[in-house]
Every structure is written in C-alpha cells, then in structure tokens.
Visitor: 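This structure is in structure tokens; I'll ask about it shortly.
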Amino acid sequence: MLTARTAAVCRRTREGRRGCVRRIRCITTRIMKRIIFLPAIAALLCGACSSAVPEDYTQYVDPYIGTGDHGHVFMGANVPFGFVQLGPTSIPQTWDWCSGYNYADTTVIGFGHTHLSGTGIGDLNDISLMPVVGEVTPGRGTAGDPSSGMWSRFSRADERCAPGYYATRLLRYGIGVELTASPRVGMSRYAFPASDDAGIVLDLENGQGWDRSTDCGITACSDRTVEGWRYSTGWADDQRVYFHAEFSKPFERIAFTGADTLSADGRSARGRKLYGRFGFRTEEAERITVKVGLSAVSAENARRNMQAECPGWDFETVREAARRAWNGELSKIRIETADPAVRRIFYTALYHTMIAPSLFCDVNGDYRGADGAVRRDTTFTNYTTFSLWDTYRAAHPLLTLIHPEKVGDLINTMLRIHEQQGKLPVWHLMGCETDCMVGNPAIPVVADALLKGFGGFDRAKAYEAMKSSAMRDDRGLDLYKRYGYIPYEFNESVGYCLEYAIADWALAQAAQREGRREDYDYFLARSKAYRHYFDPSTGFIRGRSASGAWRTPFDPFHSRHMEQDYTEGNAWQYTWLVPHDIEGLMECFGGRERFVGKLDSLFLAEGDMGAHASPDISGLIGQYAHGNEPSHHITYIYTMIGQPWKCAEKVRRILGELYHDRPEGLCGNEDVGQMSAWYVLSALGMYQAEPAGGRYFFGSPAVDGATLRVRGGEFRITAADNSPENIYIQRITLNGEAYRKYYIDYAEIAAGGELHFEMGPEPADWTKQQPL
C-alpha cells in the first residue's frame, strides 16, 4: 500500500533515467541563467529518481488495537520510548480505563501529557489541557450530565490516530484538537470557533486511577508563557512533574480555580486541586498551538527540553519528525505476508513494545533518582516505567535483538536504581519503587545482558547488584532462605517463590559466566525450590505451610485475587512456571509420559475459577491463560522436550484466535509491551522461553519472511510453503547449512545471516531429519 506522496514519486521514477536527465538539464539551465552554480544538484536529483522511496511502516499501525476490553493500551501521540505520552483522558476511572482511554467510551476531560500503556493499575495523566468555549466548571464532571465539569463527547468519525499523531473534535465546544510530540515535549493545536470567551484550561488536579495530586503550582511568566509543577501520590507514591508551557497567541486573562494561595497580582497560584484557565478571543477556525515541555527535575529544565526539541511552532514539522522516528524503529523488522490483518497486528504489536521503558532524564543529563535526589549524568540515558514481572519474559529479549543500542542505558538505569534504593527495580514508575508484583524480575534482565555479552555498563557492579538483591530479607526472601521455599502463611507464597527461583537460575548462569563457582552452586540449588511445592499425589504445584503440610482444601481451578498461594493464577497455570528446569519438573512427574499427558490436559481442562478470580486470568484455552504472563512460555515447553509439532499447533492457534486487528484485539492487559512482544517473536517463529541466556526456541512462523536489523547487520528469516495449513516446520537451514537444534542462539541471530524454514502440513521433527 502506497501513500499518495510515495505513489507520486514512484510515477516519476517509472519515467526512467532519460526523463531524469532531461529534467536535470532543464533545471540546471534555469539555475545557470540565474548565475547559480550547484555542482551537486544533478547527483542529488538522479539519486532521488533512481533510489526506492523508503516504505512507511507507520501506515500498518492501528493504534485502536487493544483499546477495547481489557487491553488498556495508550491512545495518543508520542515517540518511541519518549517521556511524553500526550493523549485523551476519559471520565471513567475504572479498571478498563487504566490508560485513560477505552474504545467503549467517547468522553474526554482533557489531554494529559503522561499515560501508561497496558497496565493493570491506573496512574499518571499529568499536566492535562482542555480547550473550552463559554462558561464551564473546571473538573472531571459526570458522564450524562452536560452541565457538570468541563468534559465533552467526541465522535469516532472525527477521530484520527497514527504513530506520533492524534486528532479529534470536541462536540460540546466545536473545537478541533490535534496532538503530536517529541521525546519530552507535547504539542497541541486547537481550532476554535468564533468566540469572545474561548479558553484553555490547565488541569493539575485530575490524575488517573490511584493518582491524587498533593501539591501544584502555576505561574504566568508572561502573556504567552506558563510554568509550574504537579506533585502527586498513587501507584508512584512521590511523583514530581514540572512543566513549561508556551502559547502561540497571547492570552488576555487568567482565572484560577481551587487555589489555596494566590499571588497579589493574580498571576501565580498554588493548591492541591488547581486549575488555570487562559482566555482568548478567537475568530472562526482560528488555531492556537500550545507547547508543553516536561521534566522530573525543574520547570527550568522543562524549558530547556523545549528549546532543544521544539524551538519553533511548526506543528507539521514536529508531527513529521515523530512519524520518521516511529518509521525508523518499526523498520527494524521488515516482514513479508500476504495477509493484511497479520501485517496490521504485527506492526501494531511492534509499536506497542516501544511505548516504554520511557525517558526519565533531561537534555542536559539531569534526572530524579530513586532516592528523590537530583543528579546529572551524561554517560547514560535514564529510563523509567519498568513493568519487569511482565517484560522480562519477551519484551526485553526482543529489545536485545532489535534495540541493542539501548541495552546499556537500561542496565545502567537499573544499576543506579540499585545504588539509590538498595535493590534492583521491581516495578519502577517515575522514579518511585511500587514493589508491584512478585519475585526479583530485574535479575533475569540484567543476567540476560551479561550472558549475551553486552557492554556499556560495569559488569562487576551488575553482578553484585543481582546478588545483593537476591540476598535481601524483604518480600518473603527471609522465609525463602530459611525454609528453601516460602510457606503459605505468607500471601501469594507460590507466586513469590517460583519467581525468585527463576531469578536465581538466571543469576546462577551469570555466576558461572563470571567464574563464581560457589555462587553458581548456591543459586542453582535455590532455583530448584519449586520441588518443595510439587505434590505427586495430585500432580500439581501447591502451597504448603512452614511445617510442611499441604494447604487444604485444594482445588486446582480455584483462584482468589491476591488472597491465595498463586499470583493471578491457579494450580493449573503455576505448575508449569519452571521455564528454567523443564527436565527437573519432568522428574517430579515421574517421567516424560506423565509430564506430557498433564501438559496436554492443560489445554483441555475446563473448570470454574470462582467468583473472586483475578480478571487478569484471561485468554483461556482450557486452563492455559494467554492473557497473563506466567503462561507465556508454556507452549514452547513442547519444543523444549522434543515435541515441536505440538508447540506449532498451540502457537498458531494463539496467534490466530487471541490476537485480532480490532479494538478488542488483545485477550488481556498489554502489560507495557509483553503481550505484543510475545506476538512479534512468535510470529517470527521463535521465543526465548528460558528467563535468560538467549536460546530462542522454535514454534511456527506466521509470516512468510522477515528481515531484522541486528547488531551484526541483517538477520533474514524465510518460511517456504508457509500457510494456515502448513504450520509444521519440516526442515531448517542456517546460512545454507542444515540446522538440527530446537533453538537458535542469540549470538547466531545477532551476527546476521539467514534462517530458512521449510513448512508442511504434517508434524515433523527437523532435528531427526526423518518422518515421525
């Protein structure tokens, strides 16, 4: 599919080189007549005519995918991994509006400059702007009551969205809204009707979900410039955002609502529920543009960020820069498929993997640390929004493939967090440790970087950060060290312990790489803690007390959210949360036959999880729950144990049934890129099932071909005779040579080359090169 601009260039290109030369002569003659000599112009024009126009991969992204049901994805304008996510925020504050937006709703209370994407908890929506006309009461208001608050409805017919751009029309006010962004700056352009009472409201009260403002300030520095801050508490318990805003047109009046203190000249206010309204007289269709720079350090730094990134007022230039930034990142994987739905799902998924982690530093290197102190460090780029319990599984392994330039910065960020708070991050947000979810999920990410040979950070410090985090006494680790497992007297004991065991295995592999034999033995032994929970009489992993007694009564289907031994799951799902030691888990079952039989039954078992089960347990195939991360490796267990055809069947079913190119196209929370990263890797035909180390196990490619931009150049994947019927890998070659392993190593991918699958309609095992 070509854009109009691309098509026009292609038509010119098809005229051929003769036409190119004629045009060069004509243009050059005109230039010479004006006594202008540009010797490079012929070469430039020939290059433009003879070179292919780069493909625009942003055209395949559908930002609506995942905005419906429980996907919770961000809708709005941003750039890859940017600090600013500028988008609409609706009235509802319920679970399915964690990102501030849900496709089921068409209300908007403002356009905030920070949002989360795919989380199960709501926060952010800082520094929100709402253009209005006439008299309104600042505030959220109530849906269905047009006289309350400043909210408005919009129509889907007026809504436009693309990477780096969002537009809508506020029906209550007749105002057109357009949004775009740079990494640290949001730019809003409003088209007003004719009015003597137009205004732009700066809302510092309303956050999203758990967020509550604690202290806010606004100062009008001139009739075009405003700056201030918003402090809040919520999921991030001490969040601080500073802003510097500039208007393209001078405002004529200022009115503050909710101020606890007001300056004598009426141009500065402070309060917890603070709004500032900036008034204008407007002509019909008159546009007013607002630029807002953000910083977690100071308003002055917010101004510097704006000066560096958006010094001018050309909205289209900023929008085009955002599009180019997205296209550059999306083009790191160029797929081939005849199915336009697969193309949309794939590139939207890839887009979603690059919303976070997000920048958390200023252009001068300043950032707010995990201890609240401001630091300046220009040796690395600081980040935030680490949903690590989710993303260590697939999003970070994908990032090591196509964003190797970011790995050092991410690890350095984690090491600084370790220095500042005494442990590696668990779920870090806006410089705050939320301690959300279980285990030590940063350890697999750091260990993976060490094992894959990444540099740009201090390896010794990285190792010590992992070890010291694993040896703490908080969050059940004291019990883990005392008993070898975590007794059920500690809530979510199985969830915590199994995740600690996964992290310990990753740490053990790093210890072996670093030549620390004693540490390797210790952490490898701890990684087998799952054995304490395996009950051979039931064939399930289940909770047990400090005295060793099994928890009773026991129902492998039953689940109570945050009130049981498992974390957002049940015994059926958690029995398989041992991706690091499949052979050991098989021994617990008493052999391969029993193990495989139980694994097969996971995808067939039907049962009631109970009225208090977590809504995160979604995307069910039997009791396999693709909507939640502890299940994400399970299909690849089949390949790990030598039955790859079963993996192919399950993976293709999940890709085809649980991902769609519709608003409800995700079967669970997107979880800051993890759900999408699973799709991207699986559609390519592989997945890093183990927590660290870089073995990507094969499944079944859903695309016919793909070219990945990797550390060593390009890695090409082809799938011959691929189709909805031909889902089974028959043979594999790597760089033309027969390949007989069940996985491919990271180093083999990162070096560049070509991986070729031959697909067929019958189950096969390519490692044996003979019929089953």
Side-chain angles (χ1 to χ4, degrees), residues 438-439 476 479-505 508 523-560 564-610 617 622-625 630-631 633-643 646-647 650 689-691:
V438 301
L479 301 172
Y480 183 47
K481 290 187 290 186
R482 185 188 312 169
Y483 295 100
Y485 65 99
I486 300 178
Y488 66 55
E489 288 84 355
F490 186 89
N491 194 39
E492 297 185 309
S493 58
V494 173
Y496 271 93
C497 186
L498 295 189
E499 291 289 355
Y500 284 140
I502 287 170
D504 283 344
W505 180 88
F523 288 110
L524 187 66
R526 278 201 346 186
S527 75
K528 300 182 185 297
Y530 68 90
R531 292 175 176 265
H532 290 280
Y533 294 121
F534 188 84
D535 176 10
S537 69
T538 63
F540 287 103
I541 279 179
R542 55 187 290 200
R544 64 192 314 171
S545 70
S547 65
W550 298 113
R551 183 189 286 279
T552 55
F554 173 67
D555 181 345
F557 294 94
H558 191 72
S559 177
R560 291 185 68 91
Q564 60 163 8
D565 299 328
Y566 311 103
T567 302
E568 298 177 1
N570 62 18
W572 270 108
Q573 292 133 24
Y574 267 79
T575 294
W576 311 102
L577 192 55
V578 191
H580 58 290
D581 191 14
I582 297 301
E583 291 296 325
L585 183 60
M586 193 179 300
E587 291 174 6
C588 291
F589 275 95
R592 177 177 295 268
E593 186 175 350
R594 290 182 180 177
F595 178 88
V596 173
K598 191 61 170 271
L599 183 57
D600 289 344
S601 66
L602 170 71
F603 296 92
L604 302 171
E606 300 290 344
D608 183 5
M609 289 186 288
I617 310 174
Q623 284 298 295
Y624 172 84
S631 288
H633 68 287
I634 294 177
T635 56
Y636 288 89
I637 291 176
Y638 283 116
T639 300
M640 298 168 85
I641 63 172
Q643 295 188 353
K646 290 185 179 179
C647 175
K650 305 300 188 297
E690 295 165 333

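Remember, predicted model here, so these are calculated numbers, not experimental data.
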Visitor: Nearest 0.5 angstrom please: Asp581 CG to Glu690 CD, how far?
Guide: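 Reported to 0.5 Å precision, the distance equals 10.0 Å.
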Visitor: Measure the spacing between CD1 of Ile641 and CD of Glu583 and express it to the nearest 0.5 Å.
Guide: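 Here the rounded value is 8.5 Å.
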Visitor: What orientation do Tyr533 and Tyr485 show, parallel under 30°, tilted 30 to 60°, or perpendicular over 60°?
Guide: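 Judged by the thresholds at 30° and 60°, the geometry between Tyr533 and Tyr485 is perpendicular.
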Visitor: Are any of the side-chain heavy atoms of Tyr566 and Pro630 separated by less than 4.5 Å?
Guide: no
Visitor: Please name the pair of heavy atoms, one in Cys647 and one in Tyr636, separated by the smallest distance, quoted to 0.1 Å.
Guide: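 Minimum heavy-atom contact is SG-CD2, 3.7 Å.
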Visitor: Would a 4.5 Å heavy-atom cut-off, applied to side chains only, mark Leu599 and Tyr624 as touching?
Guide: no
Visitor: Got a second to check how far Thr575's OG1 is from Leu585's CG, nearest 0.5 Å?
Guide: 8.0 Å
Visitor: What I'd like to find out is whether the side chain of Phe603 reaches to under 4.5 Å of the side chain of Ile634, using heavy atoms alone.
Guide: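 Phe603 vs Ile634: side chains touch.
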Visitor: Is there side-chain contact between Arg531 and Glu587, with at least one heavy-atom pair below 4.5 Å?
Guide: yes
Visitor: Cation-pi check, Lys528 to Trp505: give yes when NZ or CZ is under 6.0 Å from the six-membered ring centre and within 45° of the ring axis, no otherwise.
Guide: no
Visitor: Just how far is it from atom CD of Glu499 to atom CG of Leu577, taken to the nearest 0.5 Å?
Guide: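 Going from the CD atom of Glu499 to the CG atom of Leu577 covers 5.0 Å.
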Visitor: Using the side chain to side chain contact (heavy atoms under 4.5 Å, CB included) rule, take Glu568 and Glu492 through it: C-alpha gap first, then chi angles, then the decisive distance, then the call.
Guide: CA-CA 9 Å; Glu568 298 177 1; Glu492 297 185 309; 5.6 Å; no
Visitor: Could you tell me which non-hydrogen atom of Gln564 sits nearest to which non-hydrogen atom of Gly569, and how far apart they are?
Guide: NE2-O, 2.6 Å
Visitor: Would you say that Ile617 contacts Asn570 through its side chain, given a criterion of any heavy-atom pair below 4.5 Å between the two side chains?
Guide: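 No, side chains not in contact.
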Visitor: Measure the acute angle between the ring planes of Phe534 and Phe589, then classify it against the limits of 30° and 60° as parallel, tilted or perpendicular.
Guide: perpendicular
Visitor: Do Asp600 and Lys646 have side-chain heavy atoms sitting under 4.5 Å apart?
Guide: yes
Visitor: Would a line drawn from the ring center of Trp576 to the ring center of Phe595 be shorter than 6.0 Å?
Guide: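 So the answer is yes for these two rings.
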Visitor: Between Pro579 and Met640, what is the shortest heavy-atom contact and its length?
Guide: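 Where Pro579 meets Met640 most closely, the heavy atoms are O-CE, 3.5 Å.
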Visitor: Search all heavy atoms of Arg526 against all heavy atoms of Lys481 and return the closest pair with its distance.
Guide: NH1-CG, 3.4 Å
Visitor: If we ignore hydrogens and angles and just use 3.5 Å, is the side chain of Gln623 paired with the main-chain N or O of Ser601 as donor and acceptor?
Guide: no
Visitor: Counting N and O atoms only, with roles assigned by atom type, does the side chain of Arg542 sit under 3.5 Å from a partner on the main chain of Asp535, one being a donor and the other an acceptor?
Guide: no
Visitor: Is there a side chain to side chain contact (heavy atoms under 4.5 Å, CB included) between Cys588 and Tyr530 once you walk through the steps?
Guide: CA-CA 10 Å; Cys588 291; Tyr530 68 90; 4.0 Å; yes
Visitor: Could you state the interatomic distance from OG (Ser545) to OH (Tyr483), rounded to the nearest 0.5 Å?
Guide: 9.0 Å
Visitor: Where do Pro487 and Ser493 come nearest, in terms of heavy atoms and distance?
Guide: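 Residues Pro487 and Ser493, closest heavy atoms: O-CB, 3.2 Å.
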Visitor: With heavy-atom distances below 4.5 Å as the criterion, would you say the side chains of Phe557 and Asp608 are in contact?
Guide: no
Visitor: Kindly give the heavy-atom pair with the smallest separation between Ser527 and His580, and that separation in Å.
Guide: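 Minimum heavy-atom contact is O-NE2, 2.9 Å.
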Visitor: Within the structure provided, determine whether Tyr500 and Ile486 are in side-chain contact (heavy-atom separation under 4.5 Å).
Guide: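 Yes, close enough: below the 4.5 Å cut-off.
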Visitor: CG of Leu479 to OH of Tyr496: how many Å apart, nearest 0.5 Å?
Guide: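 Answer for the CG-OH pair, Leu479 versus Tyr496, is 11.5 Å.
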